[in-house]
Amino acid sequence: MFPVEIQQGHSPVVLGLPHTGTYVPAEIEAQLNTRGRGLDDTDWHIHRLYDGLLEGVSTVRATFHRYVIDANRDPSGVSLYPGQNTTTLVPLTDFDGQPIWKQEPTAAEVEDRRQAYHAPYHAALEAELQRVKAEHGFAILYDCHSIRGDIPFLFEGTLPDFNIGTNMGRTCDPAIEEIVVTACAKAKGYSAVLNGRFKGGWTTRHYGRPSEGLHAIQMELAQSTYLTQEAAPWSYDQDKANRLRSHLHHILTSLANWAPQTGGNT
């Protein structure tokens with residue numbers, strides 16, 4: 001199983017899909033406990049949800065599961081949210097704080113996984129962003145995520161439907177942030193927040209370099225917006241998804257039509 005799938009397009013928008021993969025090598029699966037083998041923390045069906053929404057969009061998708069190694073964590077192991085509960089580069093618990101391993105991976109095993117999975121994914125993502133930037137003068141990374149809306153271990157209360165992350169405005173041109181925030185605010189029947197519990201993971205923070213013409217924004221969707229229920233078997237709800245897809249289409253189309261102002265960060 002190759003660790004990354006790449007679809008090249010002509011749009012200035014690149015979709016990052018770090019958490020939709022479910023591949024776990026047999027030797028790693030053998031180390032997981034029953035809870036871990038459930039793969040509950042997958043961003044279920046996100047690649048399906050975004051498929052076909054924007055003509056010419058490029059996509060970079062990790063095929064491996066985040067329990068193998070998390071493609072949206074700092075490869076050095078530094079926490080994205082110091083002082084808050086979160087999961088690590090190779091998670092030791094699930095999002096409910098429950099152990100997922102019968103045999104926890106060693107430091108050597110983590111490094112092996114970093115080289116075999118994490119590094120190839122990010123090499124592909126960097127290459128695609130640079131290719132798109134060379135064509136357009138800039139590139140916009142839209143990092144696609146989803147999560148259960150009620151996880152007390154990670155956050156209090158219920159998560160809004162649209163969770164937009166720009167690391168407090170550092171990872172993209174303000175106009176890009178405004179496009180997404182405005183579209184979400186106008187989406188009738190949905191709730192939204194900017195830089196709430198999720199401010200953008202390592203991917204968004206690493207690639208979001210507006211001064212270099214590289215813009216990044218993370219969208220964390222509550223899974224209730226497109227799943228029948230936020231529990232196994234994690235069924236895709238076509239009616240919910242179609243309603244949500246109309247708003248996502250508007251967001252992506254608006255981003256694809258954006259261009260830096262003369263004298264801006266290009």
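Every value quoted in this text rests on a predicted model; they were computed, and no experiment measured them.
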(request) Go through the steps to decide whether D173 and W258 satisfy the test side chain to side chain contact (heavy atoms under 4.5 Å, CB included), and finish with yes or no. (result) CA-CA 10 Å; D173 187 290; W258 178 80; 3.7 Å; yes

(request) Just do the side chain to side chain contact (heavy atoms under 4.5 Å, CB included) check on I164 and M219 with the steps written out, would you? (result) CA-CA 5 Å; I164 307 157; M219 177 63 77; 4.0 Å; yes

(message) Determine whether L54 and L15 satisfy the following criterion, side chain to side chain contact (heavy atoms under 4.5 Å, CB included), listing intermediate values before the conclusion.
(response) CA-CA 10 Å; L54 180 63; L15 301 184; over 6 Å; no

(request) Please lay out, stage by stage, how Y207 and D143 fare under the test side chain to side chain contact (heavy atoms under 4.5 Å, CB included). (result) CA-CA 10 Å; Y207 294 102; D143 214 38; over 6 Å; no

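No donor-acceptor distance shorter than 3.5 angstrom exists from the side chain of T253 to the backbone of H250, with no hydrogens or angles considered. Between the side chain of R245 and the backbone N or O of D51 there is at least one donor-acceptor pair closer than 3.5 Å. Proximity of a side-chain donor or acceptor of D74 to a complementary backbone N or O of S76 within less than 3.5 Å is detected. Of the possible donor and acceptor atoms, none in the side chain of Q218 sits under 3.5 Å from a partner among the backbone N and O of H145. Panel note: side chain K240, backbone L227; a donor-acceptor pair is recorded below 3.5 Å. Judged by distance alone, with hydrogens and angles left aside, the side-chain atoms of Q223 form no donor-acceptor pair with the main-chain N or O of E230 at under 3.5 Å. Looking only at distances, a side-chain donor or acceptor of T63 sits under 3.5 Å from a matching main-chain atom of F2. Looking at T225, its side chain never comes within 3.5 Å of a backbone N or O of D161 through a donor-acceptor pair. The main-chain N or O of G9 is found under 3.5 Å from a side-chain atom of S58 such that the two form a donor-acceptor pair. Proximity of a side-chain donor or acceptor of R66 to a complementary backbone N or O of D43 within less than 3.5 Å is not detected.
Of all non-hydrogen atoms in S254 and I179, the two that sit nearest each other are CB-CG2, 3.6 Å. The two atoms that bring S11 and A256 nearest to each other are OG-CB, 3.9 Å, heavy atoms only. Nearest heavy-atom pair across L214 and K133 is CD2-CD, 4.1 Å. In terms of heavy-atom proximity, V132 sits nearest to A139 at CG1-CB, 3.8 Å. Heavy atoms only, all atoms of each residue included: A116 and P3 are closest at O-CG, 3.7 Å. Pairing each heavy atom of P99 with each of N33, the nearest pair is O-ND2, 3.0 Å.
Between D41 and H19, the side chains place no donor N or O within less than 3.5 Å of an acceptor N or O (distance only, hydrogens not considered). At a cut-off of 3.5 Å, with distance as the only test, no side-chain donor of E27 or Q31 sits close to an acceptor on the other residue. A donor and an acceptor atom, one from each side chain of S146 and Y226, are located under 3.5 Å apart.
Here the options are R37, R148, R35, the test is salt bridge (charged side-chain N to carboxylate O under 4.0 Å, His left out), and the partner is D94; only R35 passes. Of the residues listed (T87, T88, V90, T203), the one engaging R73 in a side-chain contact (heavy atoms from CB on, under 4.5 Å) is T87, and it is the only one.
In this structure, R48 satisfies the cation-pi test against Y236, with its NZ or CZ atom closer than 6.0 Å to the six-membered ring centre and inside 45 degrees of the ring normal.
Hydrophobic cluster membership differs between V193 and F162, with clusters built from Ile, Leu, Val, Met, Phe, Trp and Tyr side chains linked at under 4.5 angstrom. Linking ILVMFWY residues whenever their side-chain heavy atoms come closer than 4.5 Å, directly or via other members, places Y23 and W101 in the same cluster.
In this pair, Y67 and H65 present their aromatic rings perpendicular. The plane angle is above 60°, beyond the 30 to 60° band.
With values rounded to the nearest 0.5 angstrom, R131 atom CZ is found 10.0 Å from H10 atom NE2. Rounding to the nearest 0.5 Å places CG of L49 at 15.0 Å from CH2 of W44. Separation of atoms CD (E104) and CG (L92) is listed at 4.5 Å; rounding is to 0.5 Å. Between the CG atom of L17 and the OH atom of Y50 there is a distance of 8.5 Å, given to the nearest 0.5 Å.
Between Y190 and H247, a ring centre-to-centre spacing shorter than 6.0 Å is recorded.
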